[in-house]
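Convention: sequence-line order gives letters A, B, ...; per-chain numbering from 1.
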There are 2 protein chains.
Amino acid sequence: MKRHRAPPSGAAPSRTAPRRGRPKGGTGLTREKVLDAALALVDQEGVDALSMRGLAAVMGVDAMSLYNHVDNKDAVLDGLAERLLASIERPVLTGDWRRDLRALALSFRQVALRHPGIAPLVLTRQLGSLQAMAVSEAALATLDAAGVPPKEAVHVLRFILAFLIGALVREVSSGPTFSGLDLDGLAERHTALKTSGLRHVARAARHLAACDHAAEFEFGVDMMVAALEARLGSSRGPKRRAK
Amino acid sequence: MKRHRAPPSGAAPSRTAPRRGRPKGGTGLTREKVLDAALALVDQEGVDALSMRGLAAVMGVDAMSLYNHVDNKDAVLDGLAERLLASIERPVLTGDWRRDLRALALSFRQVALRHPGIAPLVLTRQLGSLQAMAVSEAALATLDAAGVPPKEAVHVLRFILAFLIGALVREVSSGPTFSGLDLDGLAERHTALKTSGLRHVARAARHLAACDHAAEFEFGVDMMVAALEARLGSSRGPKRRAK
DNA sequence: ACCTGAACACCGTTCAAGT
DNA sequence: ACCTGAACACCGTTCAAGT
């Protein structure tokens, strides 16, 4: 009965835009400052530690004052996710789409690692703002340079984003010690694995136990490049399309 | 100061294993039943609606009784994620790895769509249980059949999982109406896009506005298959390895 | 126009007490 | 061994009142 979907947060700008000139000399609270504080808090304590009350306390202000600059907590989360997306450095195009795609992927990874608490938000939230599309723009530019026609480029874009976000969220939300599976346990549980019908997992246990995230990420990017190469190669035939 | 990482939840079995025989005739509460109810609740109302108190109320029991069968709320969430993973149907191998890989991906998608609220949990939570490795086993079996050596298979596995989870979480957490971007707004904002330096986004707006999730997913799977084909093809040379 | 405090309807979890 | 209620320390958000 209780609809709980995130609000569209679409084209309409925030209902509570701050005044233009400085607000008469008050506390100087601002949507921007609220997000700044929220970002710092999440970076230090994690998403779960973000509460409107705690955020207000950190800012030395009453909890309810925040609602003058931000619709609600969900809007704060959306804002953080959009900031992350917007802060991804767009690498200059070199003309070598392989290199450019790799560079973009690395940029993405860098900001995700810098803000591990925010990264998962990017995946779940629907972000319609112009800011949030910076990555898409960069990726589409690269694909255009590679000769991928616009319609197909959109599909490729979605494929790339799915991998990037999937890989990065997995990475940032696995603790620094862990490696995606129970590192210590996997080896000893070898017999348990085999009796559970997990033959192949048992056989690969040694490799599953270790995980170099950077290398793994690069491997994935290589796979994407390979897929794209195959796609471009196969369309060599009907490529002559100049009207 | 406040560590809030999810607990390891590793090799050690739940601290609160239920009695073996029926519990003397009490309410018959069980970890399994708790998870059943939690699953139903999340499927109907969404993750945000899951609370220990509400869950207990639905089960007609005191809130604290749950803690006799479940460590805490996080453990419930972990349990749900593991159930999702475990419930993925493992397709029988046909010998055609392309077909088998596609079938596995589709199985994954089907359970994700059946439990949209749970899918995102799979990504963020560290799942070390044997149950959760069913998908990995299936994927590794397929890759083995395709002739991918164990060590490389693990990398490929991680690539596949990153894409699958990234794509599916994106799909389930975009509302049924929305399509990943602001469907209605994108067309009108064409000029805004161009002035924002989002040339390529503007050009692709028409294609970005529409999103057939099923087709998009299939496209991604095709890309994975293509990447794998390229990889297998290039190792044709040193393939003769029979001792 | 912005800030504030009290208030409402919730949370997860601990603990001592029951059976 | 399991269940229970009271209690603690929190939440997000509304609303009427302040300046």
Might you work through the side chain to side chain donor-acceptor pair (under 3.5 Å) test for A:Glu82 and A:Ser129, ending with a clear yes or no?
CA-CA 8 Å; A:Glu82 270 171 5; A:Ser129 83; 3.2 Å; yes
How many Å lie between [atom1] on [X] and [atom2] on [N], as a whole number?
X       : N      : atom1 : atom2 : result
B:Leu55 : C:dT13 : CG    : P     : 12 Å
B:Lys33 : D:dC2  : NZ    : C1'   : 14 Å
A:Asp74 : D:dC11 : CG    : C1'   : 14 Å
B:Asp71 : C:dG12 : CG    : P     : 15 Å
A:Leu29 : C:dT4  : CG    : C1'   : 13 Å
A:Met59 : C:dC2  : CE    : C1'   : 14 Å
B:Met64 : D:dC8  : CE    : P     : 14 Å
A:Asp62 : D:dT13 : CG    : P     : 15 Å

So which one's nearest nucleotide on DNA chain C is more toward 5', A:Arg53 or A:Leu66?
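Result: A:Leu66.
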Side-chain N or O of [X] less than 4.0 angstrom from OP1 or OP2 on [N]?
X       : N      : answer
B:His69 : D:dC3  : yes
B:Ser65 : D:dC2  : no
B:Asn68 : D:dC3  : yes
B:Tyr67 : C:dT13 : yes

For residues 51-63 of chain B, please give each side-chain donor-acceptor pair under 3.5 Å, one per line with the distance, not counting sequence neighbours.
| from | atom 1 | to | atom 2 | distance (Å) |
| --- | --- | --- | --- | --- |
| B:Ser51 | OG | B:Gly54 | N | 2.8 |
| B:Asp62 | OD1 | B:Met64 | N | 2.8 |

Side chain of B:Ser51 (C-beta onward), nearest among C:dG12, C:dT13, D:dG12
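From the listed options, C:dG12 comes nearest.
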Base paired to C:dC15 (Watson-Crick or G-U; both N/O distances under 3.5 angstrom)
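For C:dC15, the partner nucleotide comes out as D:dG5, under the 3.5 Å rule.
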Kindly assign one of parallel, tilted or perpendicular to the pair B:His155 and A:Phe219, based on the angle between their ring planes and the thresholds 30° and 60°.
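B:His155 vs A:Phe219 ring planes: tilted.
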What orientation do A:Phe163 and B:Phe159 show, parallel under 30°, tilted 30 to 60°, or perpendicular over 60°?
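Ring orientation, 0 to 90° scale: tilted.
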B:Met52 near the nucleic acid: base, sugar-phosphate alone, or nothing, with a heavy-atom cut-off under 4.0 Å?
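Sugar-phosphate only.
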Taking the P atom of each, how far is D:dA9 from C:dC10, in whole Å?
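About 22 Å, rounded to a whole number of Å.
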Strictly by modelled atom types, are A:Glu89 and A:Ser107 linked by a side-chain donor-acceptor pair under 3.5 Å?
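Judged by distance alone, the side chains do not pair up.
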